[in-house]
Amino acid sequence: VATGSGLVPALNRVDWQKIHSAASFADLEGDGFAQVFTAMAQAFLPNPNRPPFYCDFMVEMENGEPVAHPENRKKQMSHFLLDSMIDEYADNLRSLSGIKFDWGRYDTNQDHVYSNQAFTRKLDGLGIEHEAEEYRGGAYDKNWIENGRVANEMLPFFARHLKTGD
């Protein structure tokens with residue numbers, strides 16, 4: 001699940017011809033976007049009658065060319081992007097004892113930075129209490145190091161907000 005769609009349309013990030021010509025997931029190795037978007041399609045656009053991946057896609061091939069399929073895109077993104085679900089679940093979010101997320105300012109995929117910034121503003125606009133932080137670093141380089149974000153941010157947050165049987 002992602003917070004939002006980012007700056008670059010998902011349709012432009014993927015080698016759709018590669019996906020549609022692949023005979024197995026192994027044929028997508030080395031192409032992270034092809035692997036991710038195929039897995040997303042399997043999760044949100046299943047089609048048991050369509051081997052080898054048994055799913056439909058946001059982009060289908062027509063006359064050998066990739067063509068956006070708006071209905072499939074809408075279905076997939078409405079179940080994958082948190083910002084598309086927030087209005088429906090705003091009351092549930094308000095009932096939580098805590099929400100916190102963060103992102104690395106120097107994430108190699110700047111869509112993540114933009115989407116998280118937009119998502120925290122959307123939560124603010126709906127009056128949903130939360131903690132959101134952009135930290136100096138990449139997506140993963142500050143998490144599991146000594147005194148990293150897991151030890152200094154995540155675990156203390158859980159300690160403050162998780163209910164125990166005591």
Tell me if a side-chain donor or acceptor on Q110 pairs with a main-chain N or O of R105 at a distance below 3.5 Å.
yes
Is the side chain of D141 donor-acceptor paired with the backbone N or O of G137 at a distance under 3.5 Å, no angle test?
no
Any donor and acceptor pair, going by atom type alone, linking the side chain of Q17 with main-chain N or O of G64 inside 3.5 Å?
yes
Where is the tightest heavy-atom contact between V113 and G104, given as atom of each residue plus distance?
CG2-O, 3.3 Å
Could you list the donor-acceptor pairs under 3.5 angstrom formed between side-chain atoms of residues 146-159 and any protein atom two or more places apart in sequence or on another chain?
residue : atom : partner : partner atom : Å
R149    : NE   : D102    : OD2          : 2.8
R149    : NH2  : D102    : OD2          : 3.0
R149    : NH2  : E133    : OE1          : 2.9
N152    : ND2  : N147    : O            : 2.8
E153    : OE1  : K100    : NZ           : 2.8

Working to the nearest 0.5 Å, report the span between NE2 of H130 and CG of L96.
12.5 Å
Sequence-distant partners of W103, ring pair (Phe, Tyr, Trp, His ring centres under 6.0 Å), two or more places apart:
F101
Closer than 3.5 angstrom, by distance alone: can the side chain of T120 be matched with the main-chain N or O of Q117 as a donor-acceptor pair?
no
Before giving the answer on side chain to side chain contact (heavy atoms under 4.5 Å, CB included), spell out for L123 and L93 the whole-Å C-alpha distance, their side-chain angles and the decisive distance to 0.1 Å.
CA-CA 9 Å; L123 289 169; L93 293 171; 4.2 Å; yes
Least distance between heavy atoms, V14 atom then A34 atom
CG1-CA, 4.2 Å
Would you say the side chain of L82 lies within less than 4.5 Å of the side chain of M85, judging by non-hydrogen atoms?
yes
With a 3.5 Å cut-off and sequence neighbours excluded, list the donor-acceptor pairs that the side chains of residues 40-53 form with protein atoms.
residue : atom : partner : partner atom : Å
Q42     : NE2  : F53     : O            : 3.2
N47     : OD1  : N49     : N            : 3.0
N47     : ND2  : D56     : OD1          : 3.0
R50     : NH1  : D56     : OD1          : 3.0
R50     : NH1  : E60     : OE1          : 3.1
R50     : NH1  : E60     : OE2          : 2.9
R50     : NH2  : E60     : OE1          : 2.6

Please tell me if the side chains of F33 and V36 come closer than 4.5 Å, counting only heavy atoms from C-beta onward.
no
Taking ring pair (Phe, Tyr, Trp, His ring centres under 6.0 Å) as the definition, give me every residue that meets it alongside F57, ordered by chain and number, with sequence neighbours left out.
H20
Let me confirm one number: the CZ-OG1 distance from F80 to T3, rounded to the nearest 0.5 Å.
9.5 Å
Members other than V67 in its cluster, when Ile, Leu, Val, Met, Phe, Trp, Tyr link by side-chain heavy atoms under 4.5 Å?
none
May I ask you to say whether D111 pairs ionically with R13, meaning some side-chain N is under 4.0 Å from a carboxylate O?
yes
Quick check: is Y54 connected to F37 through a chain of hydrophobic side chains (ILVMFWY, heavy atoms under 4.5 Å apart)?
no
Counting neighbours of CZ on R160 that are heavy atoms of other residues, nucleotides or ligands and sit closer than 6.0 Å, is the number greater than 12?
yes
Does S97 reach the main-chain N or O of H161 with its side chain, forming a donor-acceptor pair under 3.5 Å?
yes
Salt bridge check: are R94 and D91 linked by an N-O gap of less than 4.0 Å?
yes
Checking D83 now: which residues fulfil side chain to side chain donor-acceptor pair (under 3.5 Å) with it, not counting sequence neighbours?
none
Under the 3.5 angstrom rule, does the side chain of S84 hit a backbone N or O of H79 as a donor-acceptor pair?
no
Interatomic distance, CG@L126 vs CG@D87, rounded to 0.5 Å, equals 5.5 Å
Side-chain heavy atoms nearer than 4.5 Å, only ILVMFWY residues, links allowed to pass through others: does that put M61 and M58 together?
no
What one should report as the nearest heavy-atom pair of C55 and T38 is SG-O, 4.4 Å
More than 12 foreign heavy atoms under 6.0 Å from OH of Y114: is that the case here?
no
Is any side-chain heavy atom of E131 less than 4.5 Å from a side-chain heavy atom of I99?
no
Quick one: does S115's side chain have a donor or acceptor within less than 3.5 Å of a partner on G6's backbone?
yes
Mind listing the closest non-hydrogen atom pair of Q35 and F25 along with its distance?
O-CZ, 3.6 Å
In this structure, CG of L81 is separated from CD1 of I86 (nearest 0.5 Å) by 12.0 Å
For N143 and Y135: C-alpha separation, side-chain torsions, deciding distance, then whether side chain to side chain contact (heavy atoms under 4.5 Å, CB included) applies.
CA-CA 11 Å; N143 295 320; Y135 61 88; 4.1 Å; yes
If you draw a 6.0 Å radius around NZ in K74, do more than 12 non-hydrogen atoms from other residues or ligands fall strictly inside?
no
